[in-house]
Amino acid sequence: MTTISDSTKNVLAMITAQQAARGQAAPAWEQMSSQAIAPAPTQDVALAKPATKRKAKAKKSKKTGDFEERHIARIANADGRVTYRVQIRRKVNDKSRSLCHTFSHLRNAKKWRDKRLAEIELHGFPIEVTNDTTVADVIADRLKRGKKLGKSALQNLEYIRDHEFGQTNVALLTQQRLYDFAGTLLDGDRTPQTVAGYMTHLAATLKWAHRRGTLLPIEAVSLAMETLWEDEVLARSNERNRRPQLAELDAILNALVENRRQKLPVAAIVVFAIYSGRRLGEICRLRWEDLREDKSQILVRDMKHPRKKKGNDVWCKLPPEALAIIQAMPRTAPRIFPFSERSIGTAYARHRDKVGITDLRFHDLRHEAISRRFEMGEPASFVAKFSGHKNGGCLYRYEHVEEIGDKFAGWPWFDRVLKMCRTLQAEDHVADPIC
C-alpha cells in the first residue's frame, strides 16, 4: 500500500475542512485516501472470529473427552495412572448383585465385560457367595444342581459334607487346610488310594462352584492337590491281579444255593460275570431290547470310561455260555437281570465272607473272564470285542496267563445255573430299582 507523508496529509485535511464548510461532498480521491489512512478494523474482526472458533472447539473437545463405555468407568488415580473399572449390576431375588473388576488397559476391561455379559445371558447372573458359605453348602449345591454322580463320588462328597471339615468357610480355604484334611483322612485307616478319591472329588466340586461365581481361592485348591500328589499323600490305585480259584468259586456258589432265604439269583449272576466279563452295574442294566441273538451281541449302556461317564454305549460280543444264560432268563421286565446292583453285591460279599474267602471282589470276576480268553489263545483284538475295550493296548493288565487252555471246560456250575434260570419264577423275584 502507498504511504502518504505528513505534509501532504495536512494539505488534504485543510482542503477537506474548507469543502465541509461550503457543504460540498468530499471528492472520490479523498475518500480513497481516507480509506487508506484509516486504521483497518478488519484485523480486530479477523482476530475475534478465530478466537470464538477456538473457544467453541475447546468446549467441544471437552465434551467428547468425557469417557463413555457401557459398564466401564475411567478412573484417574492420584499418581497419574488411569484404570478402568467394570461393574455389572443386576437385581436377583429382590437383592442387588454386582460383578466388579478393575483393569489397567481398556481392551482387557472390554473383553472381561463382554464375556461376563454373554455368560449372564446364557446362564443367568452368577450369585457371588457371601462369607458365611461353607464347604458343606457348596457340596449340597453341587448335589442339587449338578449332573448325577457315580456311587463312589456321591459317598465321598456326603462324607465330607457331614464331616467337621464341611463347616469350613470356603473363602478361608488355604493350601495348608486342605493338606491337613487329607492327613486326617489318611489317619482314619484309609489308604492313599482311597484318600485320593475323596480329595479328587472335593477339588472337582470346589472348581465346579468357582466356575459358577463362588468366591473361593481356587489357586490354593490346585496347589494343595499338586503338593499332595508330589508328597505321595495321594496315590494311584494299585493294579489288581487277584483271580479266583475253582475251589473258592465252588465254596461261594454252594453257600448261595444252600441259603434258602436267598431269593435273588446271585449264583446265576456270578457265573454269568465269569463268562461274559461284565461289571456288576453293567449286568444289572442289560436290556432285552439291546440283545442281538443272531450276532451274539448286546449293547452295554453307560460302560465305564475315564472321562465319559454317561452315554458310552458299546456293543460287545457274548460268549456262547453267557448268551445261553441270558436266553434261559424269564422275560418279566425290560431288564434281563432286573435286580438291584447293591443287593446283588451285598449278597455276594456276605456269602464270600461266610465261607472265609478274603480279598476276592466281584470285579475280580471280570479280570478272570478276560484273562481266561488270553489263556485260550485269543489275540487282544479279539478279546477286546468281548471286554468292550476300544484300545487293545489297555488289555495288557489282564494278560496274567497262569496256564494254557480253558480251566472252566466242563465246569458243572454252568449246567446248574442254566437249570436254575429256567425254573425261576417271576413272582419270586420282584425287580428292584437300580441303585
Side-chain angles (χ1 to χ4, degrees), residues 97 99 101 119 123 126-240 279 281 304-310 341-342 345-346 349 358-359 361-363 435:
R97 305 283 185 179
L99 294 176
H101 205 294
E119 291 175 350
H123 308 295
I127 302 176
E128 296 185 344
V129 180
T130 56
N131 290 335
D132 59 351
T133 300
T134 64
V135 172
D137 295 332
V138 170
I139 292 176
D141 189 37
R142 170 70 178 86
L143 298 180
K144 180 180 178 181
R145 293 201 295 156
K147 64 181 182 180
K148 186 177 180 181
L149 298 174
K151 182 172 65 175
S152 296
L154 182 61
Q155 291 176 346
N156 290 345
L157 289 178
E158 287 177 343
Y159 176 85
I160 298 172
R161 179 195 62 192
D162 299 334
H163 191 273
E164 181 182 357
F165 181 79
Q167 302 307 312
T168 305
N169 189 322
V170 292
L172 301 179
L173 281 175
T174 62
Q175 180 181 355
Q176 189 61 45
R177 284 194 175 190
L178 291 164
Y179 195 99
D180 292 343
F181 177 61
T184 301
L185 293 173
L186 197 62
D187 292 338
D189 294 332
R190 295 182 180 85
T191 65
Q193 292 84 355
T194 302
V195 176
Y198 282 92
M199 296 304 297
T200 300
H201 292 132
L202 173 60
T205 299
L206 293 173
K207 291 177 182 179
W208 177 91
H210 181 262
R211 290 192 297 270
R212 286 155 180 79
T214 302
L215 298 177
L216 60 89
I218 198 63
E219 296 82 4
V221 178
S222 299
L223 287 173
M225 292 301 294
E226 291 178 9
T227 308
L228 288 168
W229 285 110
E230 290 174 357
D231 295 349
E232 297 184 352
V233 177
L234 311 181
R236 308 289 181 188
S237 298
N238 295 325
E239 293 185 358
R240 290 179 58 85
R279 302 174 179 89
K304 184 179 178 182
H305 190 276
R307 291 175 299 276
K308 192 176 181 181
K309 302 300 183 184
K310 296 293 182 181
E341 173 188 350
R342 181 174 298 178
T346 301
T358 60
D359 193 35
R361 305 172 185 174
F362 193 97
H363 188 75
C435 296

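Side-chain atoms are counted along with the backbone in the values below, which use heavy atoms only and exclude waters and symmetry mates.
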Using modelled atom types only, decide if a donor and an acceptor are shared between the side chain of Thr134 and the backbone of Gln167 within a distance under 3.5 Å. no
Could you tell me the separation between the [atom1] atom of [X] and the [atom2] atom of [Y], rounded to the nearest 0.5 Å?
| X | Y | atom1 | atom2 | result |
| --- | --- | --- | --- | --- |
| Met199 | Leu206 | CE | CG | 8.5 Å |
| Trp208 | Asp141 | CH2 | CG | 4.0 Å |
| Gln175 | Asp180 | CD | CG | 10.5 Å |

Which heavy atom in Val170 sits nearest to a heavy atom in Leu216, and how many Å separate them? O-CB, 3.6 Å
[X] side chain near [Y] side chain, heavy-atom distance below 4.5 Å:
| X | Y | answer |
| --- | --- | --- |
| Leu178 | Leu202 | yes |
| Arg211 | Ile218 | no |
| Asn169 | Thr133 | no |
| Thr200 | Met225 | yes |

Contacts of Glu119 that satisfy side-chain contact (heavy atoms from CB on, under 4.5 Å) - sequence neighbours left out: Lys115, Arg116
Under the side-chain contact (heavy atoms from CB on, under 4.5 Å) test, which residues partner Ala204, sequence neighbours left out? none
Residues pairing under ring pair (Phe, Tyr, Trp, His ring centres under 6.0 Å) where one sits in residues 161-182, two or more places apart or in two chains, turn out to be Tyr159-His163, His163-Phe181, Phe165-Phe181
